[in-house]
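Below is one structure, written out as structure tokens; the observations come after it.
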2 protein chains.
Amino acid sequence: MQLTQMPSATLRQRVAVMKALAHPSRMLIAETLMSGEKCVCDLQALVGADMSTVSKHLTLMRQAGVLVCEKRGLNIYYRLACSCLGTFLRCLDELTPNMESCRSSCCD
Amino acid sequence: MQLTQMPSATLRQRVAVMKALAHPSRMLIAETLMSGEKCVCDLQALVGADMSTVSKHLTLMRQAGVLVCEKRGLNIYYRLACSCLGTFLRCLDELTPNMESCRSSCCD
DNA sequence: GATCTATTTGGCAAAATAGCCAAGCAGTTT
DNA sequence: AAACTGCTTGGCTATTTTGCCAAATAGATC
């Protein structure tokens, strides 16, 4: 692997963000946080996995720069760090209808 | 794992797109294709991996709906299927400067 | 029709990721 | 200060992803 051209820091940052969103539980968390911050226990209830698993997902997303957290009282609240995500996801959702043509190989 | 709420087809589609972009070689391919279509051998030269590896990356991206391909003459040309990607990536790149605060835990 | 060219597919080993349990930890309440 | 609350970390196994090689394929050229 010999990835020239783009600044590698930029590339790594972008890939980290994509990885942070490339999992059903994490995508659901991101979607949910678009309507405002939530504490870890809320997100655990949403995802339905072990608390430790959810915590690890959140750490990953925070380290990628997708989420920010803040401690208030007993709870830790997470929220989205960037607003551009919603726009992108809505665009992707609209892409879905014409998917059949995209999924097939051009050699079929 | 018990992911309620969002239509699961939408969730799966979104996750597939994110996975398709969550790899340095594939992100580089996506970035490159923003300036127009390229054939597989061009992309192999860019990425610097085995041809079969690049081909598998391209298949993954096509199946996720990120790329479309077309055969012309001896070559197969790949291009981006959606234009919204560029906007999102530029937004992410601008996010980078304030990353330090995002990466740290709120409990530090 | 044999050969060449561009690309895909199969198969496998190595590396990365996911998720559970148990244990740790920092504030809070008693 | 003991016990509780909300969350994170360590450790482990199971699953998924990655990337190479070798083999297959489809169309172009000889």
Side-chain angles (χ1 to χ4, degrees), chain A residues 1-3 11-12 15-30 33 37-64 66-79 103-108, chain B residues 1-3 11-12 15-30 33 37-64 66-79 103-108:
Chain A
M1 222 201 295
Q2 182 213 160
L3 306 166
L11 190 65
R12 258 185 290 115
V15 168
V17 169
M18 294 303 177
K19 279 190 182 174
L21 296 167
H23 185 284
S25 300
R26 297 198 295 261
M27 179 58 76
L28 191 59
I29 287 171
L33 293 182
E37 64 175 21
K38 296 269 182 295
C39 70
V40 180
C41 53
D42 287 343
L43 297 172
Q44 188 208 353
L46 174 80
V47 165
D50 194 272
M51 172 73 96
S52 69
T53 300
V54 174
S55 176
K56 279 175 181 173
H57 282 315
L58 292 171
T59 299
L60 188 74
M61 296 174 84
R62 181 166 42 72
Q63 286 176 340
V66 173
L67 301 185
V68 186
C69 67
E70 186 186 346
K71 187 163 200 169
R72 284 204 309 276
L74 272 177
N75 302 301
I76 298 183
Y77 293 89
Y78 278 84
R79 61 175 187 278
R103 284 225 176 79
S104 68
S105 162
C106 53
C107 322
D108 289 350
Chain B
M1 223 202 297
Q2 181 213 162
L3 305 166
L11 190 66
R12 257 184 293 114
V15 168
V17 170
M18 294 302 177
K19 278 191 183 174
L21 296 167
H23 185 285
S25 300
R26 297 198 295 262
M27 178 59 75
L28 191 60
I29 288 170
L33 293 182
E37 64 174 20
K38 297 268 181 297
C39 71
V40 182
C41 54
D42 287 343
L43 296 171
Q44 188 207 354
L46 174 79
V47 165
D50 193 272
M51 172 73 95
S52 69
T53 299
V54 174
S55 176
K56 279 176 181 172
H57 282 314
L58 292 171
T59 299
L60 188 74
M61 294 175 85
R62 181 167 40 72
Q63 287 176 340
V66 173
L67 301 184
V68 186
C69 66
E70 187 185 347
K71 187 161 200 169
R72 283 205 310 277
L74 272 178
N75 302 301
I76 298 183
Y77 292 88
Y78 278 84
R79 61 173 188 278
R103 284 226 175 79
S104 67
S105 162
C106 54
C107 320
D108 287 352

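This one's a predicted model, so the numbers in the text were calculated from it and none came from an experiment. Every chain is numbered from 1 and lettered A, B, ... according to where its sequence line falls, protein lines coming before strand lines.
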Practice task
Measure from the side-chain heavy atoms of Lys19(A) and tell me the nearest of dA18(C), dA16(C), dT8(C).
Solution key: dA16(C)
Problem - Atom-pair distance (OH on Tyr77(A); C1' on dC7(D)), nearest Å - result: 13 Å
Handout entry: Separation of dT7(C) P from Leu58(B) CG (nearest whole Å)
Key = 9 Å
Practice task
With side chain to side chain contact (heavy atoms under 4.5 Å, CB included) as the test, would you mind laying out the steps for Arg79(B) and Leu33(B) before giving the verdict?
Solution key: CA-CA 6 Å; Arg79(B) 61 173 188 278; Leu33(B) 293 182; 5.6 Å; no
Completion exercise
Sorted by position of nearest nucleotide on DNA chain C, 5' first, the leading residue of Ala22(A) and Leu74(A) is Ala22(A)
Exercise for the section: Examine distances only and state if a side-chain atom of Arg26(B) and a backbone atom of Lys19(B) form a donor-acceptor pair shorter than 3.5 Å. Expected result: yes
Exercise for the section: Round to a whole Å and report the spacing from NZ of Lys71(A) to P of dT8(D). Expected result: 9 Å
Exercise for the section: Verify the contact: side-chain N or O of Thr53(A) to OP1 or OP2 of dC20(C), cut-off strictly under 4.0 Å; return yes or no. Expected result: yes
Handout entry: Euclidean distance, atom CE of residue Met61(B) to atom P of dT17(D) [Å, nearest integer]
Key = 16 Å
Check: residues 40-50 of chain B side-chain donor-acceptor pairs under 3.5 Å, at least two apart:
residue  : atom : partner  : partner atom : Å
Gln44(B) : NE2  : Ala49(B) : O            : 3.3
Asp50(B) : OD1  : Ser52(B) : N            : 2.9
Asp50(B) : OD1  : Ser52(B) : OG           : 2.7

Problem - OP1 or OP2 of dG19(D) under 4.0 Å from side-chain N/O of His57(B) - result: yes
Practice task
Would you name the heavy atoms of Met61(A) and Ala20(A) that are closest together and state the gap between them?
Solution key: CG-O, 3.8 Å
Exercise for the section: Specify the separation, in whole Å, of atom CG of Asp50(B) and atom P of dT9(C). Expected result: 15 Å
Problem - Atom pair distance, as rounded to whole Å: CE in Met51(B) and P in dC21(D) - result: 14 Å
Fill in the blank from the handout: Minimal heavy-atom distance between Ile76(A) and Cys69(A), with the atoms involved, is CG2-CB, 3.9 Å
Practice task
With heavy atoms under 4.0 Å as the rule, sort Arg72(A) into base, sugar-phosphate or nothing.
Solution key: nothing
Practice task
Spell out, as yes or no, whether a donor-acceptor pair under 3.5 Å connects the side chain of Ser55(B) to the backbone of Met51(B).
Solution key: no
Practice task
Confirm from the modelled atom types if Ser52(A) and dC7(D) form a donor-acceptor pair under 3.5 Å, side chain to base only.
Solution key: no
Practice task
Tell me which nucleotide among dA18(C), dC21(D), dC7(D) gets nearest to the side chain of His23(A).
Solution key: dA18(C)
So which protein N/O to nucleotides 11-14 of chain D N/O distances come out below 3.5 Å?
residue : atom : partner  : partner atom : Å
dG11(D) : O6   : Lys56(A) : NZ           : 2.5

Problem - Within 45° cone and under 6.0 Å: Arg62(B) NZ/CZ vs Tyr78(B) ring - result: no
Handout entry: Short side-chain N/O contact from Tyr78(B) to OP1 or OP2 of dT8(C), under 4.0 Å
Key = yes
Practice task
To the nearest Å, give me how far apart CG (Asn75(A)) and P (dT8(D)) are.
Solution key: 11 Å
Exercise for the section: Let me know the distance between CD of Gln63(B) and P of dT17(D), rounded to the nearest Å. Expected result: 12 Å
